[in-house]
Number of protein chains: 4
Amino acid sequence: MSQSTSKKRLSREDSQAQTRARLSETAQQLFVENGYGGTSIRDIAERAGYSQGAFYSNFASKEELLLSLLRGHMEAEAVQLSSLMDSEGRTPEQILTELESWAATLNHDADWCMLSIELQLHANRSPVFATEFQAVWDAHRAGLGRVVGKLFATVKRQPPEDPEELAAAFMALTHGLALQRVGKGPDSSGRLIVLFLRGLIAAAAPLE
Amino acid sequence: MSQSTSKKRLSREDSQAQTRARLSETAQQLFVENGYGGTSIRDIAERAGYSQGAFYSNFASKEELLLSLLRGHMEAEAVQLSSLMDSEGRTPEQILTELESWAATLNHDADWCMLSIELQLHANRSPVFATEFQAVWDAHRAGLGRVVGKLFATVKRQPPEDPEELAAAFMALTHGLALQRVGKGPDSSGRLIVLFLRGLIAAAAPLE
Amino acid sequence: MSQSTSKKRLSREDSQAQTRARLSETAQQLFVENGYGGTSIRDIAERAGYSQGAFYSNFASKEELLLSLLRGHMEAEAVQLSSLMDSEGRTPEQILTELESWAATLNHDADWCMLSIELQLHANRSPVFATEFQAVWDAHRAGLGRVVGKLFATVKRQPPEDPEELAAAFMALTHGLALQRVGKGPDSSGRLIVLFLRGLIAAAAPLE
Amino acid sequence: MSQSTSKKRLSREDSQAQTRARLSETAQQLFVENGYGGTSIRDIAERAGYSQGAFYSNFASKEELLLSLLRGHMEAEAVQLSSLMDSEGRTPEQILTELESWAATLNHDADWCMLSIELQLHANRSPVFATEFQAVWDAHRAGLGRVVGKLFATVKRQPPEDPEELAAAFMALTHGLALQRVGKGPDSSGRLIVLFLRGLIAAAAPLE
DNA sequence: TATGAATGAGTATTCATTCAT
DNA sequence: AATGAATGAATACTCATTCAT
């Protein structure tokens, strides 16, 4: 009578999904605030309003939780990249505008960016984590690289570097700026990426 | 009897300075390897070959040691920046080459760069540390900003952005790339900075 | 409708009996491998292929399960002892051979023996358990004591000790040897018991 | 001035030795009472009147403490065995009496015996521990084996079994009886060992 | 100045057990 | 009857820090 679509009672699955989601969310906040190493499972559970045991009913370990966040990260970014790529026949100006708003969106929630830094730092320390991380990272880099390559093709100029390397540089710029910015002013990485890209195009040799 | 200027026996002061130096050095390595939070005072003391007590004879706390490293950081960078600035009458090409080698030097010891990231992360967490850190950071940013401004002046172009902001962007790029690179290939931040700068110059309006 | 005597579907009772049997069996293995204290209910349930809840549907607690194993133990041993006792008119040689094969059987499944040790250890710690354990133990000791007494009567010699004490000593020997033997060579307790018994007989005074 | 032989102040070494000794002693009691697995480091430290950290200043882990107890065990037993062996020209009766008092002494402190069982159980579970344990065990077995061999030589009889195997059987008997006896009556293992030995001698063939 | 034993709060993780489904 | 998410206390062990030597 009272379960299924009711708002009061959640089915067991939904209830666990909720617990898991709340723990994930809280963990993400805390990783950004205090770093991965500086965040204890007790902190996460307490702040999310659960027992420590509840954490272990949902995640096998702290690292597994980080991996789970990484996967969420990956999915969100894949969505954004595909919207940068899939529609045809845009002008270079349109592509640049979209790139700028891509960076802005990514970082409007500055937390995403700091989390990304925590992920990178942890990948540098845990080989297990590094393996999964690398895959996500490479995919992302390749996706953004294709956008950059497409931009140069549209303006009929030769990219002065492997577009993937340029993409990696833009990601690095974004992360480095997030590190500087924490809690301070607004994010300028979108604007700077566009500025740099315009410069590269201006200095690039025409195709052929 | 046997101390003072002898080479065998160090004066008490020198001996303490040596202890302090060895602890600092070891701490820096460990912060880079394992992060600030991931490094214990016991680790530092043990790896440096001292007791934990020796650590507390030289530093009031772990954070005080980090501040001490920050000051060393600052001095080293001030030296490098001043050598970028002080000689007159260079061609734009020379300035770019020097900028490239500046980035290369800074990161040839990639450790410096990762330590810088640890410093930034910790500044985001400890207000006490943040204050001291900000001063150092601002000075550095201003110094590098002047170099960038000088470059645009030399080529008689209008910088497309406050030179200090560009300087911050290059530092961000350098840090972001260091994060990506750990343990992997060689550093490419110098090359990329020069590439971006050439682009900006190519796209910049002439002065007046 | 479709259960009762069918072979495909077990009646609800049979199905629960099966669950209980599988949990018991698995628990016994694990107690032997890791000790009573070293075995968690989760381990038992998981290895048996059930949930933790299923455990609590069948046993009130871990100790209750141990008691259940103890009762199984008791029944099995009672069967073996009665087969040592019930047939009349055997020669001493036959009795000794049977004793040897009793020990061998008991320990061929060395697990029985290690479980017995775990039971004893736990009885030393839990008064509740000790009470039930004592009853089983005493019955077993009396039964084996009668076998020993019968042997001395058959050879018309005076036992040099209360036959029950001798029986307890043989059980102790068996357990002590099991403890030494774990995972190693074959069990020699049967042979040693016979060796010692022959000695006692050789040294014993004739009756009257 | 005031340290060294003073009773009030212990030197740092002595003070640590005392801490270590108290922790060892307490641990031994608790291992006997609750088993190795059933004893927590918190229990040990609390009962001994120290912090948990003090435990880790003295022992690297719980297992290392067990190894330390094992070594103490070994030394104590070596002393007892050598006193069984070294004086010449004893009658068989004297040797038997000494064997009886050996068993009695060993177990007068019944704790030793239960500890020995805990050691054996743990050796069956931890390969690291097993290695060290085996060495001690083998030495002990060989020592007691020599005593048994000497006894048969003295009475000019052929031992019906490798004396070392007989020795192992007596140790097993002692341990098995300790398991039965906990908290109950007095130890009878010395008496039983002598009884069995007399029997073996009575049944043994004369030397050549 | 340097030592390192000791502290007490903290770490990640596992436990037996409960209870809504 | 069986499930498994959740609990809260316990586990072994590490931490930064103190202080008598």
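Quick note: numbers below take in every heavy atom, side chains included, and nothing from hydrogens, waters or symmetry partners. Letters A, B, ... are given to chains in the order of the sequence lines, protein chains preceding strands, and every chain is numbered from 1. Keep in mind it's a predicted model, so treat the numbers as computed, not measured.
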Rounded to the nearest Å, what distance is computed from the [atom1] atom of residue [X] to the [atom2] atom of nucleotide [N]?
X	N	atom1	atom2	answer
B:L65	F:dT17	CG	P	11 Å
B:I41	E:dT3	CD1	P	15 Å
D:R42	E:dA6	CZ	P	19 Å
D:E63	F:dC13	CD	P	9 Å
B:L66	F:dA16	CG	P	13 Å
C:Y56	F:dG4	OH	C1'	13 Å
B:F59	E:dA2	CZ	P	11 Å
A:I44	E:dT11	CD1	P	11 Å

(request) Find the distance between CD1 (D:I41) and CZ (D:F59) and round it off to the nearest 0.5 Å. (result) 10.5 Å
(message) Does D:F55 reach a base, just sugar-phosphate, or nothing at all? Heavy atoms under 4.0 Å.
(response) nothing
(message) Need to verify one output field. Residue with the more 5' nearest nucleotide on DNA chain E, C:G53 or A:T39?
(response) A:T39
(request) Map D:S61 and C:G49 onto DNA chain F by nearest heavy atom, then report which one ends up closer to the 5' terminus. (result) C:G49
(request) On DNA chain F, check which nucleotide each of C:A54 and D:G38 is closest to and give me the residue with the more 5' one. (result) C:A54
(message) Nearest to the C:S57 side chain among E:dT7, F:dA1, E:dT3, which nucleotide is it?
(response) F:dA1
(message) As a test of reading the structure: which of E:dT17, E:dA6, F:dC13 is closest to the side chain of C:Q52, going by heavy atoms?
(response) E:dT17
(request) Would you please say whether a donor-acceptor pair under 3.5 Å links the side chains of D:D111 and D:Q28? (result) no
(message) With a 3.5 Å cut-off and heavy atoms only, can you find an N or O donor on one side and an acceptor on the other between the side chain of B:S51 and the base of E:dA2?
(response) no
(request) Go ahead and name the base partner of E:dT21; Watson-Crick or wobble counts if both distances stay under 3.5 Å, otherwise write none. (result) F:dA2
(message) Is there a side-chain contact between A:R20 and A:S68 in this structure, where contact means two heavy atoms from C-beta onward sitting under 4.5 Å apart?
(response) yes
Distance check: side-chain N/O of [X] vs OP1/OP2 of [N], anything under 4.0 Å?
X	N	result
D:T19	E:dA5	no
D:N58	E:dA6	yes
D:Q16	E:dA5	yes
D:S40	F:dT11	yes

(request) For A:F55 and A:L23, work out which heavy atoms get closest and say how close. (result) CA-CD1, 3.9 Å
(message) Between D:E33 and D:R47, does any side-chain N to carboxylate O distance fall below 4.0 Å?
(response) yes
